[in-house]
Amino acid sequence: MSEEEEELGTELIAELYKPPALLPIAPLKDPLLYAIETFPVTIIVGETGSGKTTQIPQFLYKGGWTNDGSQIAVTQPRRIAATSVSARVAEELGCQLGQEVGYSIQFEDVTSEKTKIKFLTDGLLLREMLVDPLLKRYSVVMVDEAHERSLSSDILLSLLKKVLRARPDLRVVVSSATLDAEKFLDFFAPDDGQTVHSKTKVDYETIVSIEGRTHPVDIFYLSSPTNNYVEKAVDTALLIHNSEPDGDILLFVTGREEIDDAIDMVADRIADLGPSAKKLQPLPLYAGLSTEQQMYVFQKADQNTRKLIVSTNIAEASITIDGITYVIDTGYVKLRAYDPVLGLERLNIVPVSKASATQRAGRAGRTRPGKCFRMYTEVAYDALDDATFPEIQRSNLAPVILQLMNLGIQNVVRFDFLDNPPSALVVRALDLLFSLGAVDAYGRLTKPLGARMAELPLEPMLARALLNAPSFGVLSEMLTIAAMMTLQGTAFVAHDGNNKQLERARSRFAVKEGDHVTLYNVYQAFTNPAVGKQSPQWCRENCLNYKAMLKAVSVRKQLRNSLDRMGIQENTLTSSDAIRVGGMEVTERVQRCLTTGFFAQAARMKSDGSFVAVGGDTVLWAHPSSLFFHRKVDWVVYHEIQESKGKVYIRDLTSVEMEWLTEYAPEYYKVKQR
DNA sequence: GAGCACTGC
């Protein structure tokens with residue numbers, strides 16, 4: 001873990017600290033233990049600051065739920081939560097982290113034989129189910145933050161419902177925000193005619209509510225709607241600054257562009273404040289910033305200065321900042337939507353849900369009473385959805401379906417989802433998995449190919465290309481490229497918006513074959529003991545994100561281990577493979593290997609520099625971060641396609657020969673030609 | 001021609 005991350009962690013611990021005996025949950029200890037003893041499923045409705053995440057596992061531990069040698073699992077949607085909460089609980093129990101209390105996240109397993117309470121990400125518990133489908137090592141599984149409806153927590157809850165049928169002794173605790181409790185209750189209620197001991201919903205599960213312990217937050221609405229919420233929000237910030245007592249301001253907008261706009265507007269307006277007036281310091285906050293740039297929001301402002309943090313949704317749950325007294329909520333958020341017809345992702349600006357609005361307002365009341373100004377009317381608030389649209393209904397489902405099949409779910413269409421994904425998403429995903437050879441014509445997972453693809457922590461197309469790498473003699477190269485792809489474009493980072501400098505840095509690694517090999521070069525240079533030396537300084541000089549590069553190193557190591565376990569090594573190259581690839585340059589073999597995974601995402605550049613997808617008529621544009629934004633090329637395969645402001649961008653492009661497409665995917669292209 | 005909301009294995 002980097003120093004910065006640790007600082008973020010302690011930040012969170014400080015935030016969470018309340019003497020356990022004074023927490024609102026303390027008097028509920030016995031009722032809670034009774035509920036969990038009595039009912040297989042307990043829904044906990046607990047507001048922020050109730051102490052549910054830190055205290056319930058301790059109640060269970062002290063209540064004897066681990067005496068038979070089993071463990072208590074507590075899942076979190078985010079890594080930072082798993083690590084910081086486990087540190088808190090270890091301290092309260094007076095043990096060393098990794099002993100009785102531990103955590104497990106990708107790349108880091110801080111648990112031991114002695115561990116009784118284990119915090120882990122929900123995605124990792126899903127992975128554990130591959131080797132332990134009935135979760136036999138756990139007596140209780142607590143799924144925290146289930147109301148966020150993340151892809152993996154949704155799937156986890158469905159699987160837990162199944163596991164309960166085989167394991168009546170298992171206890172499931174679901175922690176949720178107020179508005180969705182009934183939904184979870186209904187979901188876990190045994191269906192009529194099933195074998196859950198003919199119990200009714202009433203004696204099968206229960207809801208326990210815990211009060212929050214945050215300070216009161218006064219909510220203010222607009223009296224009439226605005227058509228420019230960013231401008232209105234800036235007006236409000238200035239109004240707060242000029243008329244309200246001390247306390248920093250947190251303003252929620254949807255993305256980087258709005259953040260820049262808001263900060264420019266504020267800069268213009270504070271020029272009018274006069275030199276003697278109290279200062280207002282606008283600070284941006286979004287995930288794309290480097291860790292250093294993000295740290296500014298945690299630093300105490302200068303004397304006589306009020307911070308105005310202009311943030312994306314990252315400040316809603318992922319990052320907690322001390323000293324916020326005022327929240328301005330524009331009422332919008334950018335959400336991903338997957339278009340199964342065009343097979344592309346869109347980022348849509350949509351109104352937030354009531355749950356989101358409540359969470360945002362709560363950010364003003366963490367340390368003292370606060371105020372929240374909503375840039376919409378009360379009527380508009382009443383019309384908001386209760387909860388955020390579940391991720392499973394707006395994602396590319398190919399990775400999820402592959403994983404479910406590998407867990408032995410034969411018929412994904414009949415799987416018991418909390419909310420069913422639209423059938424078009426399921427069909428599209430199955431089509432893709434079929435064309436990649438992960439699923440056969442009968443809709444069954446293929447072995448070993450499909451199962452191996454499912455085991456790799458990569459999207460199916462990339463997994464397929466990586467598994468083909470030995471036959472091209474480029475396993476080492478493809479491991480690096482796959483690891484770099486998981487960074488999703490975060491390898492390069494501009495210093496203070498200096499894009500020219502970034503482009504110069506990128507060009508130092510660039511090769512004509514395209515973005516994949518360029519990123520390979522970046523990794524090679526970073527890890528070369530004579531060049532990058534894996535050092536933060538070298539990254540800074542080359543506009544690279546140090547933390548992201550370290551992640552690539554970890555991912556590559558993990559992928560290498562997975563392939564080793566599967567018995568896949570470079571020397572598994574057969575003699576016919578060797579003949580086929582003999583005499584080819586390494587780069588060409590890499591290009592061909594990528595084609596075997598990404599053949600379905602091929603496009604050809606037209607004379608005007610735009611692209612047209614194979615078998616389609618959508619006009620595509622190389623993303624400005626691609627080498628082919630400026631350079632000419634003929635055919636390419638691309639890693640990602642995304643619509644933004646009405647234009648469709650493709651990212652991470654590699655040039656290929658048209659013949660390779662039909663050579664490596666004859667079935668796919670035969671069908672398309674008809 | 002000009003740009004990734006946020007997570008996670």
Side-chain angles (χ1 to χ4, degrees), chain A residues 75-82 104-109 120-130 145 148-156 252-260 285-289 311-319 332-337 345-350 352 356 388 391 394-395 399-400 402-403 406 453-459 462-463 486-494 497 499-500 502-503 551 554-555 558-559 562 605-606 608-611 619-626 628-630 640-652:
Chain A
T75 73
Q76 294 293 324
R78 284 167 289 276
R79 295 160 57 90
I80 186 82
S104 192
I105 58 180
Q106 190 185 20
F107 315 130
E108 275 179 73
D109 182 12
L120 72 176
T121 48
D122 33 36
L124 202 64
L125 189 59
L126 279 181
R127 290 275 164 185
E128 280 192 4
M129 293 185 81
L130 270 178
E145 316 284 0
E148 289 189 18
R149 303 298 308 276
S150 76
L151 211 45
S152 34
S153 86
D154 262 25
I155 297 291
L156 188 57
F252 285 101
V253 293
T254 66
R256 190 176 170 166
E257 196 177 9
E258 286 179 7
I259 291 175
D260 291 343
L285 178 62
Y286 52 93
L289 289 174
S311 173
T312 62
N313 224 26
I314 196 171
E316 188 180 299
S318 307
I319 288 185
Y332 287 92
V333 65
K334 222 182 257 192
L335 278 190
R336 175 178 50 217
E345 286 183 349
R346 290 201 179 86
L347 284 174
N348 296 330
I349 295 176
V350 295
V352 295
S356 256
T388 305
E391 202 181 358
R394 48 191 177 83
S395 302
V400 180
L402 189 58
Q403 210 180 349
N406 200 30
M453 285 169 64
E455 268 168 63
L456 295 172
L458 300 173
E459 320 130 72
L462 193 53
T486 65
L487 304 183
Q488 299 170 99
T490 60
F492 286 97
V493 62
N499 286 327
K500 285 230 172 77
L502 190 156
E503 289 313 320
K551 188 190 166 195
S554 300
V555 173
Q558 189 189 15
L559 292 173
S562 301
M605 192 187 257
K606 296 191 291 183
D608 67 352
S610 68
F611 288 82
V619 180
L620 313 173
W621 296 91
H623 190 269
S625 67
S626 171
F628 299 123
F629 183 63
H630 290 301
E640 211 170 65
I641 177 165
Q642 193 166 48
E643 188 188 84
S644 168
K645 287 189 212 148
K647 273 179 97 167
V648 183
Y649 292 99
I650 48 182
R651 309 168 62 90
D652 296 320

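Reminder, nothing fancy here: chain letters follow the sequence lines and each chain counts from 1.
Across all strands shown, Leu124(A) has heavy atoms under 4.0 Å from sugar-phosphate atoms exclusively, and none from any base. Nucleic acid contact class of Arg336(A) (heavy atoms, under 4.0 Å, all strands): base. Here Asn348(A) lies out of heavy-atom contact (under 4.0 Å) with every strand. Contacts of Ser152(A) with the nucleic acid, taken as non-hydrogen atoms under 4.0 Å apart, are absent. If you check every strand for non-hydrogen atoms under 4.0 Å, Arg256(A) touches sugar and phosphate atoms only. Within 4.0 Å (heavy atoms only), Ser150(A) reaches no atom of the nucleic acid at all. At a threshold of 4.0 angstrom between heavy atoms, the contacts of Phe629(A) include nucleobase atoms, whether or not backbone atoms are also involved.
Residues Ser152(A) and Asp122(A) bring a donor and an acceptor atom of their side chains to less than 3.5 Å of each other. Inspection of the Gln106(A) and Gln558(A) side chains reveals an N or O donor paired with an N or O acceptor under 3.5 Å.
For the pair Thr312(A) and Leu458(A), nearest-nucleotide mapping onto DNA chain B gives the more 5' position to Thr312(A). For Met605(A) and Gln642(A), each mapped to the nucleotide of DNA chain B holding its nearest heavy atom, the one lying further toward the 5' end belongs to Met605(A).
Residues meeting the side-chain hydrogen bond (donor to acceptor under 3.5 Å, both in side chains) test with Tyr286(A), sequence neighbours left out: Arg256(A). Considering only residues two or more places apart in sequence or on other chains, Ser644(A) meets the side-chain contact (heavy atoms from CB on, under 4.5 Å) condition with Tyr649(A).
In the 5' to 3' direction, nucleotides of DNA chain B lying under 4.0 Å from heavy atoms of chain A begin and end at dG1(B) to dC9(B).
Between Arg336(A) and Glu391(A) there is a salt bridge, since at least one side-chain N of the basic residue sits less than 4.0 Å from a carboxylate O of the acidic one. For Glu148(A) and Arg78(A), the salt-bridge test passes: some basic side-chain N is under 4.0 Å from an acidic carboxylate O.
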